[in-house]
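Here's the structure we're looking at; comments come further down.
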Amino acid sequence: MPTVRELGEFGLIERVARLCPGHPSVIEGIGDDCAVVRTGNRVILLSCDLSIENVHFRRATATPEDIGWKAAASALSDIAAMGGQPLCCLVALACPADTDAAYIESVGQGIADAVSDCGAALVGGDTTQSMEGIVLDVTVVGEPVEGRYLLRKGARPDDVLGVTGRLGLASAGLHALTHGFDAPALARAHRHPVPRIAEGQWLCRRGDAHALIDISDGLVQDAGHLAGAAGLGIDIAPEALPIAPELAAYCAAHGLDPLEFILSGGEDYELAVALAPDDEPDARITVVGRFTDEWTGVRVAGKPVQRGGYTHFA
Ligand code: ADP
Ligand code: MG
């Protein structure tokens with residue numbers, strides 16, 4: 001039996017998925033940003049996200065409010081990735097018994113702020129002791145708007161790849177925080193990501209969006225999920241990638257390549273969408289690539305790349 005490291009995050013999820021048979025209420029099970037489940041004549045979207053101290057966050061580089069905000073924002077982003085509207089959240093929390101209660105209250109404030117910012121309600125959770133470190137698990141329930149949602153699968157050959165916002169800021173922010181460099185805008189992007197709920201719903205309303213994902217693990221990896229789910233390849237055009245001025249300045253000052261952060265850095269929580277090619281351009285989206293049925297995998301400027309980005313257990 002291989003170890004979890006040998007199997008990797010996605011190999012492990014595949015094994016777990018084999019233990020989950022279909023069910024009449026389940027429209028989409030494991031494999032997308034949210035599960036899609038039928039309840040009566042309604043459809044709900046479900047996801048959860050774990051945040052573990054010293055894996056996902058460090059107390060030295062974030063305030064407790066930031067830690068709570070980000071734990072909730074990363075879970076809420078999976079509703080954005082379906083084009084849905086968050087309805088309510090549950091928070092499971094564990095910490096060592098000698099943790100300062102005011103600190104945990106501030107973590108809770110950060111969670112509550114992110115949840116209410118999306119128009120959702122915090123309705124419950126669970127609290128226990130941990131032997132080491134803070135553990136936060138945020139479960140979100142959402143619903144499609146006007147009955148529509150977008151999956152990771154659905155990209156068509158010759159669709160273009162569009163992204164919202166600017167990429168690479170969050171991972172450059174982590175770089176700055178771990179190296180002790182002063183870069184407030186980048187640090188803020190790392191600590192305080194904003195789930196793109198309105199953008200997801202807007203993309204969903206457009207008839208020409210075919211597939212959607214949030215960029216939690218880096219553009220190469222997440223665009224690769226869109227391509228893989230459709231059995232297609234994706235070619236990313238590096239010259240089309242928007243480079244935020246703060247990222248350009250930071251990389252120039254420290255001899256770094258902004259493309260590294262943009263292509264492989266995670267936790268931006270922007271959205272990546274497959275759009276019909278003859279689309280009217282819109283200021284909210286930058287076209288950064290094209291899907292093809294001539295090959296599979298991810299290429300950057302026509303050159304095959306390994307799926308960069310973050311995977312657990314590596
Ligand atoms: P995301 O980055 O959008 O949070 P993940 O890469 O974490 O998505 O997960 C991919 C898919 O695998 C999702 O559909 C998720 O619900 C499912 N998944 C992850 N871990 C487990 C698990 N332990 N048991 C069942 N399903 C899981
Ligand atoms: Mg996701």
Side-chain angles (χ1 to χ4, degrees), residues 4-5 7-23 25-37 43-52 55-57 70-86 89-90 92 114 118 135-142 144 149-155 161 163-165 167 170-171 193-197 199-201 203-204 209 211-229 264-274 298 307-314:
V4 165
R5 180 180 291 111
L7 212 52
E9 179 186 352
F10 298 118
L12 187 61
I13 293 173
E14 248 170 59
R15 289 211 175 194
V16 173
R18 281 188 230 138
L19 308 173
C20 307
H23 184 280
S25 298
V26 178
I27 302 169
E28 297 290 334
I30 293 172
D32 220 294
D33 293 292
C34 289
V36 184
V37 176
V43 165
I44 55 169
L45 309 170
L46 294 160
S47 184
C48 66
D49 222 46
L50 258 180
S51 297
I52 310 273
V55 177
H56 298 90
F57 63 86
K70 187 167 177 177
S74 62
L76 290 156
S77 178
D78 279 327
I79 303 284
M82 311 297 284
Q85 171 59 43
C89 295
L90 299 158
C118 291
V135 177
L136 298 166
D137 181 39
V138 180
T139 298
V140 289
V141 180
Y149 57 87
L150 286 164
L151 300 175
R152 290 181 179 186
K153 64 176 179 236
L161 173 69
V163 294
T164 60
L167 303 176
S171 56
V194 178
R196 300 301 180 197
I197 304 291
E199 291 82 349
Q201 293 178 10
L203 286 165
C204 221
L212 188 62
I213 192 169
D214 65 329
I215 308 173
S216 53
D217 299 323
L219 180 62
V220 165
Q221 191 175 127
D222 290 315
H225 287 316
L226 289 182
S264 305
E267 298 193 313
D268 285 308
Y269 298 105
E270 294 293 345
L271 299 176
V273 61
V298 183
R307 285 194 179 179
Y310 194 79
T311 50
H312 285 279
F313 311 122

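On a predicted model such as this, the values are computed, not experimentally measured, just so you know. In listed order, ligands and their atoms are each counted from 1.
- At a cut-off of 2.8 Å, D222 is not counted among the residues with an N, O or S atom near the Mg ion (ligand 2).
- Between the side chain of D222 and the main chain of D217, a donor-acceptor pair closer than 3.5 Å is present.
- For atom 5 (P) of ligand 1, the nearest protein heavy atom is 4.0 Å or more away.
- Close approach of ligand 1 to S216 is summarised as follows: ligand atoms under 4.0 Å from at least one heavy atom of the residue are 2 (O).
- The atoms of ligand 1 that sit less than 4.0 Å from any heavy atom of D49 are 4 (O).
- Short contacts between ligand 1 and D33, defined as distances under 4.0 Å to a heavy atom of the residue, involve ligand atoms 3 (O).
- When the options L50, D217, V16 are ranked by their closest heavy atom to atom 22 (C) of ligand 1, first place goes to V16.
- By heavy-atom distance, the residue among L19, D32, I30 lying nearest atom 13 (C) of ligand 1 is D32.
- Each of the atoms 9 (O), 12 (O), 18 (N), 19 (C), 20 (N) of ligand 1 lies under 4.0 Å from some heavy atom of I13.
- When hydrogens are left out, the protein atom nearest atom 11 (C) of ligand 1 is G31 N, 3.7 Å; that is the closest non-hydrogen contact.
- Restricting D214 to its N, O or S atoms, the one at the least distance from the Mg ion (ligand 2) is OD1.
- The side chain to side chain contact (heavy atoms under 4.5 Å, CB included) test with D78 is passed by exactly one of P86, P195, S47: S47.
- Proximity of R15 to ligand 1, defined as any heavy-atom pair under 4.0 Å, is not found for any part of the residue.
- Those atoms of ligand 1 that come under 4.0 Å of a heavy atom in R152, given as number and element, are 1 (P), 3 (O), 8 (O).
- Geometry at the Mg ion (ligand 2): OD1/D78 and OD1/D33 form an angle of 100°, nearest 10 degrees.
- L50 contributes atom CG, which lies 9.5 Å from atom OG of S74 (distance to the nearest 0.5 angstrom).
- Nearest protein neighbour of atom 7 (O) of ligand 1, counting heavy atoms only, is E9 OE2, 4.1 Å.
- Tested against V163 for a side chain to side chain contact (heavy atoms under 4.5 Å, CB included), the candidates L271, D268, L219 yield a single pass: L219.
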